[in-house]
Amino acid sequence: MIDSDLMLQSMVDSCMKQSAIALDTEFIRTDTFYPKPALIQIFDGQQVYLIDPLKIEDFAPLKRLLLSPTLVKVMHSCGEDMEVFSCLLGCYPKPLVDTQIAANLLGYDFSISYQRLIEATLGKVLEKTETRSNWLKRPLSSQQLNYAADDVLWLLEAYDVLTEKLDSLNRLPWLYEDCDAVLNRSEQVLDIDKYYLKVKSANRLSRPELNVFKSLCAWRESTAREQDKPRGRLLSDPVLLNLSRNRPKTAHDLSQSKDINSAVVRKFGQQIVSIITLADNRPETEHPPAMFNNSSPRVKQSLKEMKSVVLEAADTLSVPEAAIGSRKDIETYLFSIAPAKETLGRGWRGVLLSSALNKIVASYRQS
């Protein structure tokens with residue numbers, strides 16, 4: 001257990017002598033916007049360290065460790081962990097290797113769990129008993145500590161197995177490229193005014209509806225951060241879509257909206273109505289451009305053809321289709337003004353796919 005600044009410094013000095021460390025976090029995020037760090041696990045190949053962030057005052061040594069350019073940080077399915085490091089340290093671990101990505105590039109099940117990965121690569125069965133533990137409670141139980149230690153104890157061995165196989169297939173550069181992309185996405189700060197673009201079904205809204213929806217999404221994002229509340233506790237995506245279509249004029253009208261929380265209406269009702277009214281009064285020339293509707297027959301046909309290209313590549317490589325590209329990746333490529341900069345147009349994916357995809361895109365734009 002690392003529960004003092006002195007012990008943290010000593011741990012960092014030891015880890016810096018290695019070429020790679022396994023890394024994981026435990027956190028709570030049930031009723032907050034930001035994750036609450038509860039534990040950071042590190043294995044340096046010799047010793048498992050469990051860092052208690054509730055006891056540490058100076059995190060500078062840990063930040064130095066995570067940013068060391070000569071030390072590979074091995075994680076599994078690290079998406080949510082990135083937010084923990086951002087909140088706690090203001091940085092992200094790099095260089096980074098995500099073993100879930102490595103497994104995908106070898107044909108393992110997409111989104112393979114850590115437990116399943118260790119079983120598949122090392123033949124060891126791990127318990128999964130503390131998934132929903134209260135990690136902020138102190139003292140932590142021996143079961144929690146053992147579970148947390150297991151989450152990094154076998155990761156370096158799995159990493160060695162995976163990278164050796166990828167190297168034999170000449171896919172190791174693909175792994176590094178995809179892991180760098182994870183870091184790049186984490187480091188890119190999305191403009192609050194653009195969060196509406198991330199919501200599914202927004203492409204079904206008309207321009208006036210999308211105009212309101214954009215303002216409501218921006219309000220929800222800024223308020224969720226300010227109040228440290230989950231987005232859905234304020235307004236869920238379906239509620240936002242309904243409000244954008246119906247556009248209530250008063251707080252009373254708002255309270256009649258389906259599935260909206262009465263406490264939200266009491267606290268923010270007038271503010272929400274004002275945002276809707278202001279958006280409605282905005283000149284049409286200032287409305288956001290209509291999103292591409294993927295329900296038209298021509299679009300559907302193009303997306304189907306592009307999906308076939310991705311699926312054929314996946315079959316050839318014996319990897320999950322999703323490891324190459326998602327439906328959203330395909331849609332983005334079709335509608336992009338610069339496809340070569342999109343996921344399916346960059347790096348190893350671009351080499352494999354762009355020739356066939358560009359023909360489909362060209363045909364779509366000529367129709």
Side-chain angles (χ1 to χ4, degrees), residues 29 31-34 83 185 188-300 302-303 326-338 341-342 364-365 367:
R29 196 182 196 173
D31 58 357
T32 60
F33 181 88
Y34 299 103
E83 293 188 64
R185 286 195 298 271
Q188 289 173 357
V189 179
L190 185 63
D191 189 329
I192 284 180
D193 282 338
K194 293 183 179 179
Y195 267 84
Y196 77 103
L197 297 170
K198 300 180 68 173
V199 180
K200 293 180 179 179
S201 300
N203 61 337
R204 299 177 184 175
L205 298 175
S206 66
R207 280 195 70 197
E209 292 169 345
L210 193 62
N211 173 53
V212 174
F213 186 72
K214 175 183 177 181
S215 294
L216 287 175
C217 282
W219 173 84
R220 180 181 68 172
E221 188 67 23
S222 60
T223 305
R225 297 180 185 189
E226 179 184 313
Q227 301 284 322
D228 196 18
K229 296 292 183 184
R231 297 180 183 91
R233 293 282 181 90
L234 293 171
L235 296 172
S236 67
D237 288 350
V239 167
L240 283 178
L241 292 165
N242 285 333
L243 292 178
S244 301
R245 292 188 180 101
N246 301 325
R247 308 210 276 289
K249 304 297 184 185
T250 66
H252 175 73
D253 293 340
L254 183 67
S255 66
Q256 305 305 306
S257 299
K258 185 180 179 182
D259 297 329
I260 191 167
N261 189 304
S262 58
V264 171
V265 175
R266 287 194 299 271
K267 188 171 184 178
F268 301 109
Q270 194 55 56
Q271 191 176 358
I272 294 171
V273 169
S274 296
I275 289 169
I276 294 173
T277 302
L278 284 171
D280 255 344
N281 291 334
R282 192 174 295 136
E284 188 175 342
T285 54
E286 296 180 14
H287 290 185
M291 299 175 70
F292 290 98
N293 193 327
N294 57 18
S295 62
S296 74
R298 189 68 191 93
V299 170
K300 282 185 176 181
S302 298
L303 292 176
S326 64
R327 180 176 176 83
K328 184 176 181 181
D329 291 329
I330 295 173
E331 292 175 355
T332 300
Y333 193 96
L334 178 62
F335 301 137
S336 177
I337 60 174
K341 295 183 179 181
E342 306 298 345
Y364 164 73
R365 291 179 179 174
S367 62

Task: Rounded distance [0.5 Å steps], CG in Leu210 versus SG in Cys217 - done: 9.0 Å
- [ ] Measure the spacing between CG of Leu216 and CD1 of Ile275 and express it to the nearest 0.5 Å.
- [x] 6.5 Å
Open item on the list: If we ignore hydrogens and angles and just use 3.5 Å, is the side chain of Ser296 paired with the main-chain N or O of Val299 as donor and acceptor?
Closed with: yes
Task: ring-ring contact (aromatic ring centres under 6.0 Å, His included) against Tyr195, all qualifying residues, sequence neighbours excluded - done: none
Open item on the list: So, using side-chain contact (heavy atoms from CB on, under 4.5 Å) as the criterion, who are the partners of Asn281 when residues are at least two apart?
Closed with: Thr277
Open item on the list: With heavy-atom distances below 4.5 Å as the criterion, would you say the side chains of Lys214 and Leu197 are in contact?
Closed with: no
Open item on the list: According to salt bridge (charged side-chain N to carboxylate O under 4.0 Å, His left out), who are the partners of Arg245, at least two apart in sequence or on a separate chain?
Closed with: none
Open item on the list: I need the full list of salt bridge (charged side-chain N to carboxylate O under 4.0 Å, His left out) pairs touching residues 271-290, with sequence neighbours left out, sorted by first then second residue.
Closed with: Arg247-Asp280, Lys249-Asp280
Task: Any donor-acceptor N/O pair, Asn261 side chain to Ala263 backbone, under 3.5 Å - done: yes
Please output the side-chain donor-acceptor pairs of residues 232-243 that fall under 3.5 Å, not counting sequence neighbours, one pair per line with the distance.
| from | atom 1 | to | atom 2 | distance (Å) |
| --- | --- | --- | --- | --- |
| Arg233 | NH2 | Thr30 | O | 3.1 |
| Ser236 | OG | Val239 | N | 3.4 |
| Asp237 | OD1 | Arg220 | NH1 | 2.9 |
| Asp237 | OD1 | Arg220 | NH2 | 2.9 |
| Asn242 | ND2 | Pro238 | O | 3.3 |

Open item on the list: Between Asn211 (side chain only) and Ala279 (backbone N and O only), is there a donor and an acceptor less than 3.5 Å apart?
Closed with: yes
TODO: Using side-chain contact (heavy atoms from CB on, under 4.5 Å) as the criterion, list what pairs up with Tyr34, not counting sequence neighbours.
DONE: Cys87, Arg225, Asp228
Open item on the list: Could you measure the distance from the CG atom of Leu303 to the CD atom of Glu331? Nearest 0.5 Å is fine.
Closed with: 5.5 Å
TODO: Apply ring-ring contact (aromatic ring centres under 6.0 Å, His included) to Phe268 and list each qualifying residue two or more places apart in sequence or on a separate chain.
DONE: Trp219
TODO: Check whether any side-chain N or O of Ser255 sits under 3.5 Å from a backbone N or O of His252 as a donor-acceptor pair, and report yes or no.
DONE: yes
- [ ] Could you list all the salt bridge (charged side-chain N to carboxylate O under 4.0 Å, His left out) pairs where at least one residue sits in residues 196-209, not counting sequence neighbours?
- [x] none
Open item on the list: Run the side-chain hydrogen bond (donor to acceptor under 3.5 Å, both in side chains) test against Tyr196 and tell me which residues pass, sequence neighbours left out.
Closed with: none
Open item on the list: Just to verify, what does Gln227 make a side-chain hydrogen bond (donor to acceptor under 3.5 Å, both in side chains) with, not counting sequence neighbours?
Closed with: Lys267
- [ ] Could you pull out all residues at least two apart from Arg266 that satisfy salt bridge (charged side-chain N to carboxylate O under 4.0 Å, His left out)?
- [x] none
Task: Those residues that, when tested against Thr32, pass side-chain hydrogen bond (donor to acceptor under 3.5 Å, both in side chains) (two or more places apart) - done: none
Task: Gap between atom NZ of Lys328 and atom CD1 of Ile330 - 0.5 Å precision - done: 13.5 Å
Open item on the list: With rounding to the nearest 0.5 angstrom, report the OG to CG distance, Ser257 to Asn246.
Closed with: 6.5 Å
